[in-house]
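One structure coming up, written as structure tokens, with questions to follow.
Letters A, B, ... are given to chains in the order of the sequence lines, protein chains preceding strands, and every chain is numbered from 1.
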There are 4 protein chains.
Amino acid sequence: MSPKVPDIYKQHKKIEILQAAEQVFIRKGFGRVTMKDIVEQCQISRGGVYLYFSSTDEIFQAILDWKNGQPQQELLLIYESANNGEEALTQFIILISTYMKETANSLYRAHVEFFSALAQDDNRWQFVQQRHELLVNNYAFFFQEGTRLGYFSPQTDLRILTKFVLTWCEGFSLNTMILPMDDLQADTQIELLHQYLRQMLRIPSF
Amino acid sequence: MSPKVPDIYKQHKKIEILQAAEQVFIRKGFGRVTMKDIVEQCQISRGGVYLYFSSTDEIFQAILDWKNGQPQQELLLIYESANNGEEALTQFIILISTYMKETANSLYRAHVEFFSALAQDDNRWQFVQQRHELLVNNYAFFFQEGTRLGYFSPQTDLRILTKFVLTWCEGFSLNTMILPMDDLQADTQIELLHQYLRQMLRIPSF
Amino acid sequence: MSPKVPDIYKQHKKIEILQAAEQVFIRKGFGRVTMKDIVEQCQISRGGVYLYFSSTDEIFQAILDWKNGQPQQELLLIYESANNGEEALTQFIILISTYMKETANSLYRAHVEFFSALAQDDNRWQFVQQRHELLVNNYAFFFQEGTRLGYFSPQTDLRILTKFVLTWCEGFSLNTMILPMDDLQADTQIELLHQYLRQMLRIPSF
Amino acid sequence: MSPKVPDIYKQHKKIEILQAAEQVFIRKGFGRVTMKDIVEQCQISRGGVYLYFSSTDEIFQAILDWKNGQPQQELLLIYESANNGEEALTQFIILISTYMKETANSLYRAHVEFFSALAQDDNRWQFVQQRHELLVNNYAFFFQEGTRLGYFSPQTDLRILTKFVLTWCEGFSLNTMILPMDDLQADTQIELLHQYLRQMLRIPSF
DNA sequence: TATGAATGAGCATTCATTCAT
DNA sequence: AATGAATGAATGCTCATTCAT
């Protein structure tokens, strides 16, 4: 009756499956992925996968949870190398533009498909919303920390500014999926964002 | 020799199907829609629908084409009622915020799902890209017209500004699908956009 | 009540359909032919064809009947140019080898498919058998006529010899469909048949 | 790691399906057979059959392959009981006439339909041709063996004679499908073949 | 725990046939 | 007589899910 196999083993097996499944989702998006795809990538039997997860939905969500457990530390590392607001902001811009440009070959495609396919009565909206909340907190903290360090003198509420920026980033990521970089004029757009933030954060000249 | 039933009839029938299908796509998104759903909504027989369209993909694309055939005239109507740049911009903001807030219950969800599910070797990317191009042209024309009328004195390239704004709008629409308006702080974000545009278009004070 | 359109018109229309359908059957064989194929080839409406025939089966059979109405006169024409048994037999061999080699691109393929697909309880076996009977009669008559003319001195019953020859021809036609002429060694085989007949008909030397 | 269910099991299951399918093909010919028919005859689920074969075509071809794997040994067994050419030839005639008379209730019908329905661009012609080649080799070997044993003194190339005989047999099999034995005068025709072979093989009188 | 053969519900698609015009 | 849009039964095929081993 008592579990013979310790939870740690189960956890390990689960992660093994998630890693394999992630590759599938990156490759095929969300909706076209079948259990067969995942099973084949895992090198585990059909029934085996079902012992741990009972649908592609569940697996995908588990991947997102798992990834959330590895929060972006990179943002705050900026302050270890930047000596002033200008430098910090520049590094910030470089960082997020790197993220955004990767979307075409990342889990992002599947992610967008996943929640745009969510039925309105689905009970996973909460999950999606919490994820978004975490993201906002993470980014807002970057600006707050910059302000605390005297790098930024924001002329507006930082949380709302963060949301504004993330909204733009969301759109940019989406467009990255659709358009060639040229059509998007990616770098010029990013430069506009850079200017905007420089101004909104009223970075002291020096 | 001449067709008893003119092409206009076929066109009408097609549109009948598209209208029904649109309801289905709004309700269920893109990927979960089956021909059966559409057939049932149409009140036409299985074979009847196949007479006009041969897949959900084709129907969805036809809906987008059909909608594209009714381009947004509203943007340019603004200049018929607005007396100065400030008024024009305000009306512009109101208009797009209306559009964006509607996304949750519109075809937008299905649209996002449609292209995020597009396989990389799909030959419909071109279609999606052309659609985007049209949108950019449409919006850019609004700003150009405002400039020609002396309402705006843009301090930056209008086309790139348009893209920047549309990028943000894309993100906003997406977030509208995910988040309750409150979490999104929709109006406050829109206000930020308003300020940004007011400044970038250097609307002359009066 | 009385027919406004004379039968002659109906006949003409029927033959129009049969001619078109024959092309389809030659191109596609029997089983893969749909009413749509025939309708498209005819340039007549779907319903129009149904006024005259109600299935592909019926059409195919009508084609065979129609063709049967044009019996092979060529066999007997041989006696108008041949001056002796040897010449008659040679012309006979040339004639049938021509027929048989044509099978790949003729109605023969469809014909074989048609009756091999005939269900055992089908009431069209009789039709097929009558057709075969006609064929035997036609060929037997050639040999009888040759005998009457003193060209042949058959050492066996002519009717059974005819059947034997036709059996071989049937197999040869079939193989023509399957094999390249080279593999079949067509001409060498035909030469064997020639020799066999020369002997069985005991063509007087001269 | 090692498969719990060995390949032998899969092979067995395949053969189970083929046996059931063969009954269906014998009963219905080739073209009218649906997967549903085969599924029902197998007493296996729809998906179950698809696990092993993905179309009726594939199944039919597998049946032919499987049958080919059991080559006709009977021909050569003749030489174990026959004491001279006359006896060998007589047994040969009896054997093939038995084969040919069975065609009406055998797979032959389906076989004829199968290849007469083959589209010209089909890649299975090769398969059909190889099958024919095998058949020729098999029969030719019989005559060669008889010659080696001194039973036959052929006055013509044995391979071409084999082809000639097989051509006739093909036609006879076909006619067996179409005609009642009486109309065909089967035994009399076979007697003609017997005489012909006796002569061509110049069986030494004794 | 783990396996993978088997299941069968469910959707896509075709096509002979009808019928209002 | 002729049309061709419309029908819906029938089939092919896939895939999530189960279960005996």
Side-chain angles (χ1 to χ4, degrees), chain A residues 3-6 9-10 13 32-40 42-58, chain B residues 1-6 9-10 12-13 32-40 42-58, chain C residues 3-6 9-10 13 32-40 42-59, chain D residues 1-6 9-10 12-14 17 32-40 42-57:
Chain A
K4 292 172 187 168
V5 174
Y9 173 81
K10 282 197 173 187
K13 200 87 187 183
R32 300 155 97 86
V33 171
T34 69
M35 272 299 200
K36 196 180 165 226
D37 293 320
I38 293 172
V39 161
E40 278 167 4
C42 286
Q43 307 277 35
I44 296 181
S45 72
R46 263 178 131 65
V49 172
Y50 271 92
L51 287 176
Y52 298 95
F53 302 102
S54 32
S55 67
T56 51
D57 277 37
E58 197 182 320
Chain B
M1 286 302 170
S2 63
K4 285 171 75 176
V5 175
Y9 172 82
K10 282 200 170 188
H12 185 66
K13 197 86 189 185
R32 303 156 91 89
V33 171
T34 68
M35 272 299 203
K36 202 185 161 219
D37 292 322
I38 293 172
V39 161
E40 279 163 4
C42 288
Q43 305 277 35
I44 295 181
S45 72
R46 262 180 133 57
V49 173
Y50 274 93
L51 230 50
Y52 297 93
F53 301 102
S54 30
S55 67
T56 52
D57 276 38
E58 195 182 323
Chain C
K4 293 172 187 167
V5 174
Y9 174 81
K10 280 197 173 189
K13 200 86 186 184
R32 302 156 96 87
V33 171
T34 68
M35 272 299 201
K36 199 182 164 222
D37 292 320
I38 293 172
V39 161
E40 279 166 3
C42 288
Q43 306 277 36
I44 295 182
S45 73
R46 264 179 131 63
V49 173
Y50 271 93
L51 285 177
Y52 298 94
F53 302 102
S54 32
S55 67
T56 51
D57 278 35
E58 197 181 320
I59 292 176
Chain D
M1 283 305 170
S2 63
K4 285 171 76 175
V5 175
Y9 172 82
K10 282 200 170 187
H12 184 65
K13 197 85 189 185
K14 274 194 169 191
I17 293 172
R32 302 157 93 89
V33 171
T34 68
M35 272 299 203
K36 202 183 162 219
D37 293 322
I38 292 172
V39 161
E40 278 164 5
C42 287
Q43 306 277 36
I44 294 181
S45 71
R46 262 181 131 56
V49 174
Y50 273 94
L51 230 50
Y52 298 92
F53 301 102
S54 28
S55 67
T56 51
D57 276 37

- Quick one: is Lys13(D) getting a side-chain N or O under 4.0 Å of the dA6(E) phosphate, OP1 or OP2?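 Answer yes for this pair, as a side-chain N or O of Lys13(D) is under 4.0 Å from OP1 or OP2.
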- Item | Toward the 5' end of DNA chain E, by each residue's nearest nucleotide, Ser55(C) or Met35(B) |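 The 5'-side residue here is Met35(B).
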- Note on the structure: Read 5' to 3' with Watson-Crick or G-U pairs under 3.5 Å, [ ] for crossing pairs and | for partners on another strand, DNA chain F gives .||||||||||||||||||||
- Item | Spacing of Cys42(B) atom SG and Tyr52(B) atom OH [to the nearest 0.5 Å] |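 Separation between the atoms: 11.0 Å.
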- Closest-nucleotide ordering on DNA chain F, the 5'-leading residue of Leu51(D) and Thr56(D):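 Comparing both residues, the 5'-ward one is Thr56(D).
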- Item | Minimal non-hydrogen separation, Val49(D) against Met35(D), with atom names |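 Looks like CG1-SD, 4.3 Å.
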- Task: Please determine if a side-chain N or O atom of Lys10(C) lies less than 4.0 Å away from the OP1 or OP2 oxygen of dA1(F).
- Result: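 Checking dA1(F) against Lys10(C), a side-chain N or O does come within under 4.0 Å of OP1 or OP2.
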- Item | Lys14(D): salt bridge (charged side-chain N to carboxylate O under 4.0 Å, His left out) partners, not counting sequence neighbours |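 So Lys14(D) forms no salt bridge (charged side-chain N to carboxylate O under 4.0 Å, His left out) with any residue.
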- d(CD, Glu58(C); P, dT17(E)) in whole Å: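 So the two atoms are 10 Å apart, to the nearest Å.
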- Task: Under the side chain to side chain contact (heavy atoms under 4.5 Å, CB included) rule, collect the residues that match up with Arg32(A), sequence neighbours excluded.
- Result: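 Testing Arg32(A) for side chain to side chain contact (heavy atoms under 4.5 Å, CB included), a comparison that skips the adjacent residues, returns Lys28(A), Ala119(B).
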- Query: OP1 or OP2 of dC15(E) less than 4.0 angstrom from a side-chain nitrogen or oxygen of Lys36(C), does that happen here?
  - Reply: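 No, no such contact exists.
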- Item | All side chain to side chain contact (heavy atoms under 4.5 Å, CB included) counterparts of Glu58(A), not counting sequence neighbours |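 With neighbours one apart ignored, the set is Phe53(A), Ser54(A), Ser55(A).
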- Query: For the pair made of CG in Asp57(C) and P in dC15(E), what is the distance, rounded to whole Å?
  - Reply: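 So the CG-P distance, Asp57(C) to dC15(E), works out to 15 Å.
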- Rounded distance (Å) that lies between atom C1' of dC11(E) and atom CG of Asp37(B):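 One finds 10 Å between C1' of dC11(E) and CG of Asp37(B), rounded.
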- Given dA16(F), dA6(F), dA2(E), which nucleotide is nearest the side-chain atoms of Thr34(A)?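 From the listed options, dA16(F) comes nearest.
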- Query: What does Tyr52(B) touch in the nucleic acid at a heavy-atom separation under 4.0 angstrom: a base, only the sugar-phosphate, or nothing?
  - Reply: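 Touches sugar-phosphate only.
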- Item | Touch class at under 4.0 angstrom, heavy-atom based, for Ser54(B) against every strand present |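 Ser54(B): backbone/sugar contact only, no base atoms under 4.0 Å.
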- Query: Between Lys13(A) and Ile44(A), is any pair of side-chain heavy atoms under 4.5 Å apart?
  - Reply: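 Side chain of Lys13(A) against side chain of Ile44(A), heavy atoms only: contact under 4.5 Å found.
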- Task: Report the distance from atom CZ of Arg32(B) to atom C1' of dG10(E), rounded to the nearest whole Å.
- Result: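 One finds 15 Å between C1' of dG10(E) and CZ of Arg32(B), rounded.
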- Task: Rounded off to whole Å, could you give me the CD-to-C1' distance for the Glu40(D) and dG8(E) pair?
- Result: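 Atom CD in Glu40(D) sits about 14 Å away from atom C1' in dG8(E).
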- Do the side-chain N or O atoms of Tyr9(A) get closer than 4.0 angstrom to the phosphate oxygens (OP1, OP2) of dA2(E)?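 So the side-chain polar atoms of Tyr9(A) do come within 4.0 Å of the phosphate oxygens OP1 or OP2 of dA2(E), strictly under.
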- Message: Rounding to an integer number of Å, can you tell me how far Ile38(B) CD1 sits from dC11(E) C1'?
- Response: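 Computing the Ile38(B):CD1 to dC11(E):C1' distance gives 12 Å.
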- Tell me, which of residues 43-50 of chain A have any heavy atom that sits under 4.0 Å from an atom in DNA chain E?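 The answer is Ile44(A), Ser45(A), Arg46(A), Gly47(A), Gly48(A).
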- Within residues 45-56 of chain C or reaching into it, pairs that qualify as salt bridge (Lys or Arg N to Asp or Glu O under 4.0 Å) - sequence neighbours excluded: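 For residues 45-56 of chain C: none.
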- Quick one: Phe53(A) CZ to dT17(F) P, roughly how many Å, whole number?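 It is 15 Å, rounded to the nearest whole Å.
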- Message: To the nearest 0.5 Å, what is the distance between OG on Ser45(A) and CG on Leu51(A)?
- Response: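 Rounded to the nearest 0.5 Å, the OG-CG separation comes out at 7.5 Å.
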- Item | Any residue meeting side chain to side chain contact (heavy atoms under 4.5 Å, CB included) with Thr34(C), in chain and number order, not counting sequence neighbours |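 Checked Thr34(C) against side chain to side chain contact (heavy atoms under 4.5 Å, CB included); matches are Lys36(C), Asp37(C).
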- Task: Whole angstrom is fine here: how far is it from CD1 in Ile59(C) over to P in dC15(E)?
- Result: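 Value for this atom pair: 15 Å.
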